[in-house]
Amino acid sequence: AQTVTQSQPEMSVQEAETVTLSCTYDTSENNYYLFWYKQPPSRQMILVIRQEAYKQQNATENRFSVNFQKAAKSFSLKISDSQLGDTAMYFCAFMNQGGSEKLVFGKGTKLTVNP
Amino acid sequence: NAGVMQNPRHLVRRRGQEARLRCSPMKGHSHVYWYRQLPEEGLKFMVYLQKENIIDESGMPKERFSAEFPKEGPSILRIQQVVRGDSAAYFCASSRGQPDTQYFGPGTRLTVL
């Protein structure tokens with residue numbers, strides 16, 4: 001069974017600075033997807049970024065980018081120019097490409113952006 | 001361009017009552033997933049459905065919980081004879097499948113008194 005580990009329960013960063021959230025996962029599969037979701041105080045789950053395992057290029061979405069290290073099974077999220085609205089829980093998630101399409105989530109990292 | 005819709009947003013039940021949670025997927029999406037989030041926890045997969053079919057229910061408790069996604073209408077997650085431990089946020093997600101990115105609804109917060 002796949003597992004996802006987020007080793008940082010809480011982090012904080014100053015507005016306009018850069019922060020990196022860590023995620024590692026365990027799988028024997030070769031084809032899969034990785035995601036970062038954001039859950040602000042409203043509790044809505046919002047997709048931040050997605051990475052296909054077969055792609056060597058790291059995904060980027062505006063201020064959000066990932067460092068995907070397939071051999072190390074690591075998938076960290078970098079937030080540049082942090083904004084107050086980035087304050088949220090961030091969840092890393094894994095989806096196997098074959099079989100059931102369920103997402104396996106980590107326990108989350110609570111990020112606080114300070115003014 | 002409506003997203004995934006869930007209702008009710010908040011549901012209060014007394015122990016022993018039934019809870020029905022509804023989910024309407026995004027337009028064009030035929031795959032629905034239910035997840036449960038306990039306080040201070042990540043989301044845990046419960047069930048994956050396509051129209052009129054349960055594809056994977058490996059995360060569903062064996063008793064009291066059931067799910068359906070009929071040909072017409074929303075997907076329903078049904079919890080019979082609720083207990084206090086069922087108190088949680090229940091999220092529905094939808095996708096086009098194949099697989100594809102899942103988009104989440106706002107969740108239903110169930111409180112069992």
Side-chain angles (χ1 to χ4, degrees), chain A residues 1-10 21-25 27 29 31-55 59 61 66 75 88-111, chain B residues 2-11 23 25-26 29-50 53-60 67 69 87-111:
Chain A
Q2 290 86 9
T3 58
V4 176
T5 302
Q6 294 179 249
S7 59
Q8 305 150 316
E10 293 192 38
L21 308 184
S22 300
C23 172
T24 58
Y25 57 94
T27 184
E29 302 293 336
N31 297 315
Y32 49 87
Y33 299 88
L34 294 162
F35 303 85
W36 280 96
Y37 283 89
K38 164 185 176 180
Q39 187 177 44
S42 66
R43 311 286 296 185
Q44 174 80 50
M45 291 289 288
I46 301 166
L47 176 69
V48 175
I49 202 163
R50 155 184 159 150
Q51 175 80 45
E52 289 88 346
Y54 67 86
K55 289 187 177 178
E61 287 289 343
V66 298
F75 183 62
M89 284 290 290
Y90 286 81
F91 292 99
C92 178
F94 172 100
M95 180 198 294
N96 193 8
Q97 189 170 345
S100 177
E101 298 170 9
K102 64 184 178 185
L103 286 166
V104 178
F105 285 88
K107 291 194 172 184
T109 296
K110 184 177 181 180
L111 176 68
Chain B
V4 179
M5 300 179 69
Q6 289 188 250
N7 67 81
R9 294 292 305 276
H10 299 276
L11 182 61
C23 169
M26 283 178 70
H29 287 190
S30 59
H31 296 231
V32 166
Y33 315 81
W34 286 93
Y35 295 85
R36 177 164 64 177
Q37 185 178 32
L38 295 171
E40 309 302 322
E41 293 280 329
L43 278 70
K44 298 275 195 231
F45 168 78
M46 299 182 75
V47 63
Y48 160 36
L49 310 104
Q50 296 178 24
N53 285 304
I54 297 174
I55 308 301
D56 181 356
E57 55 181 348
S58 59
M60 285 273 273
F69 189 16
S87 294
Y90 291 82
F91 287 91
C92 168
S94 74
S95 81
R96 295 173 298 181
Q98 304 178 359
D100 195 13
T101 298
Q102 294 178 23
Y103 294 91
F104 283 80
T108 294
R109 183 170 301 280
L110 172 65
T111 301

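So you know, we letter chains A, B, ... as the sequences are listed, proteins then strands, and number each from 1.
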- [ ] Kindly indicate, with the supporting measurements, whether the criterion side chain to side chain contact (heavy atoms under 4.5 Å, CB included) is fulfilled by B:Tyr90 and B:Leu11.
- [x] CA-CA 11 Å; B:Tyr90 291 82; B:Leu11 182 61; over 6 Å; no
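- Looking at B:Tyr33 and B:Ser95, their side chains do bring a donor and an acceptor atom within 3.5 Å of each other.
- Of the two parts of A:Met95, only the side chain, counted from C-beta on, holds a non-hydrogen atom closer than 4.5 Å to a non-hydrogen atom of chain B.
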TODO: List the steps and the verdict of side-chain hydrogen bond (donor to acceptor under 3.5 Å, both in side chains) for B:Gln102 and B:Tyr35.
DONE: CA-CA 12 Å; B:Gln102 294 178 23; B:Tyr35 295 85; 2.8 Å; yes
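- Of the listed residues (A:Glu101, A:Lys102, A:Met45, A:Met89), the greatest number of heavy-atom pairs within a distance under 4.5 Å of chain B belongs to A:Glu101.
- Per-residue counts of heavy-atom pairs under 4.5 Å with chain A were compared for B:Lys44, B:His31, B:Met46; the largest is that of B:His31.
- Both the backbone and the side chain of A:Leu103 have a heavy atom closer than 4.5 Å to some heavy atom of chain B.
- Residue contact with chain B, scored on non-hydrogen atoms closer than 4.5 Å, involves the side chain of A:Gln39 exclusively.
- Contacts with chain B were tallied for A:Lys107, A:Gln6, A:Gln97, A:Gln44; A:Gln44 has the most, counting heavy-atom pairs under 4.5 Å.
- With a threshold of 4.5 angstrom between heavy atoms, B:Ile55 does not approach chain A through any atom at all.
- Residues A:Phe75 and A:Tyr25 keep their aromatic ring centres 6.0 Å or farther apart.
- In this structure, A:Phe94 CZ and A:Thr3 OG1 are separated by 9.5 Å, a value rounded to the nearest 0.5 Å.
- Within the 4.5 Å cutoff, the side chain of B:Thr111 has no heavy atoms near those of the B:His10 side chain.
- A:Arg50 touches chain B through its side chain: at least one heavy atom from C-beta onward sits under 4.5 Å away, while N, CA, C and O do not.
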